[in-house]
Protein chains: 2
Amino acid sequence: MSQKNACFLVIGNEVLSGRTKDANTQVLAKALNERGIRLLEVRVIPDIEDHIIRTVRECKASFDIVFTSGGIGPTHDDITTQCIAKAMGVPLILDEPSSKALEEHLGKERFNKACQKMAYLPQGATPIENKVSIAPGFSIENVHVMAGVPSIFAYMVSWLVPQLEAGVPLSSKSWHAPGLKEGQFADDLEALQHQFPSIDIGSYPYQLPDGVKGVALVAKGYDAQVVNDAAHTLHDLIVAYGQKPISGDPV
Amino acid sequence: MSQKNACFLVIGNEVLSGRTKDANTQVLAKALNERGIRLLEVRVIPDIEDHIIRTVRECKASFDIVFTSGGIGPTHDDITTQCIAKAMGVPLILDEPSSKALEEHLGKERFNKACQKMAYLPQGATPIENKVSIAPGFSIENVHVMAGVPSIFAYMVSWLVPQLEAGVPLSSKSWHAPGLKEGQFADDLEALQHQFPSIDIGSYPYQLPDGVKGVALVAKGYDAQVVNDAAHTLHDLIVAYGQKPISGDPV
């Protein structure tokens, strides 16, 4: 099985202004890990036409798969769909099934011009199902366009990702220990990375809300057996430095 | 006063794997808003040398200012500093004051080779103060390199950003209303955007943990008076649609 890579474009001023925190990256990342697709980059970009078009063109050429979130609602600042159409050089076409489903869901009176906009998709696109609020996302070439509202985004990911070609799933095992300090064991950890060159060994200092500090050690890779073996060695390394290893990540 | 733009590079596999959520973007965005610097893009990239070097070179040319977080600790997976040096084509040089401060902080025994690594900075860089754990960040050309640990990142931002050239601060006012639906008022909102072309009018659907859904309307721009006037009109728009406007964003 080959390992595809992916880029996720978070489209919207609200993350860049600090108004909201992006919650969608983690949802997508976990779904992609399970499906064996590697999330290699995330870009947060503003609701500016040139910026969106340039980024989509660049990323669809540089990565196997591109996912986007945000900007497909009914208001004037929702410009993602028209930008994707421009980036691909195709017109927007009414998707009849989406239009009917939306009209049925909203009722004739509420299905005004602004809401009808959500049933127009770039020519050649196929809809991504949205059981939450009916207005679809869409896939065109290697680009998958989804809503920014977290509950809708999560639904679309759960519908879409299992349909994508599967690769080898990412395995990950961690041990953490309060009181452990990164500087102490850095040399041993580097030796351990050399011992297991096919996987990634990571070291992540943390501080819990109650002030307790420690380090989490993570083994991650596409061979579950090697990840298990490395995690066992990480456990023993923590013991060797006089701390008590706790399975998993600190919560 | 001119308005500088900025790009923020979050360097680290842990966000891309879904292991952790990025908490630093919001901290930086808010500090930059106050200082009148516009955060125009965020990229999350992995701990891969080529990927870091290519991104730093591209972003330092495309944006006025670049900030980075992550990868400046003592372990083998902390490769940001050496990648920045390579991107700039300069060697790493021991920064004597940082080395002394770190040795004093850690004590002679704990100041091993791995920890000494944190006192090496690219030639021509100036240190960014770190009162939390002493190991410095650094500025070189238009690139500011900071730690990924949120408490240290926040300290470095609070130390660095007030020293950067100030622009016009971003003003923002919002009203939200439970029960409001985006599709209803999209046309009126677009007309309102045309009425206030110098600022951004945004519409953000939300769902609270208790299930209550609504929409937040935001006016944002660099002329505080125009932002105030537009926010007043947003308030009246919500009233016109039979809902009760609540000041600020939903919490």
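No experiment lies behind these values; they were computed from the predicted model shown. The chains referred to below are lettered A, B, ... by the order of the sequence lines, with proteins before strands, and numbering in each begins at 1. The basis for the numbers below is simple: all heavy atoms, side chains too, and nothing from hydrogens, waters or symmetry mates.
- Both the backbone and the side chain of A/E182 come within less than 4.5 Å of a heavy atom in chain B.
- Only the side chain of A/I48 comes within contact range of chain B, with at least one heavy atom under 4.5 Å from a heavy atom of that chain.
- Residues B/V42 and A/R43 fail the side-chain proximity criterion, which asks for heavy atoms closer than 4.5 Å.
- In this structure, chain A has heavy atoms under 4.5 Å from both the backbone and the side chain of B/E41.
- The main-chain N or O of B/G183 is found under 3.5 Å from a side-chain atom of A/N112 such that the two form a donor-acceptor pair.
- For B/D187 and A/K113, the salt-bridge test fails: no basic side-chain N is under 4.0 Å from an acidic carboxylate O.
- Heavy atoms closer than 4.5 Å to chain B are found nowhere in A/K117, neither backbone nor side chain.
- For chain B, the nearby parts of A/R19 are the backbone and the side chain; heavy atoms of each come within less than 4.5 Å.
- Side-chain contact between A/V15 and B/Q26 is absent, with no heavy atoms from C-beta onward closer than 4.5 Å.
- Residue-environment remark: CD (B/Q195) exceeds the threshold of 12 foreign heavy atoms within 6.0 Å.
- With a threshold of 4.5 angstrom between heavy atoms, A/S172 does not approach chain B through any atom at all.
- The contact between A/S151 and chain B is made entirely by side chain atoms (from C-beta outward), counting heavy-atom distances below 4.5 Å.
- Using a 4.5 Å heavy-atom threshold, the side chains of A/H51 and B/L40 count as touching.
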Item to check | side-chain contact (heavy atoms from CB on, under 4.5 Å) between B/N13 and A/D200, intermediate numbers included | outcome: CA-CA 9 Å; B/N13 296 333; A/D200 282 331; 4.0 Å; yes
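- For A/V27, no part sits under 4.5 Å from any heavy atom of chain B, backbone or side chain.
- Interface remark: A/S203 contributes backbone and side-chain atoms alike to the contact with chain B (heavy atom separation under 4.5 Å).
- Within the 4.5 Å cutoff, the side chain of B/E14 has no heavy atoms near those of the A/K220 side chain.
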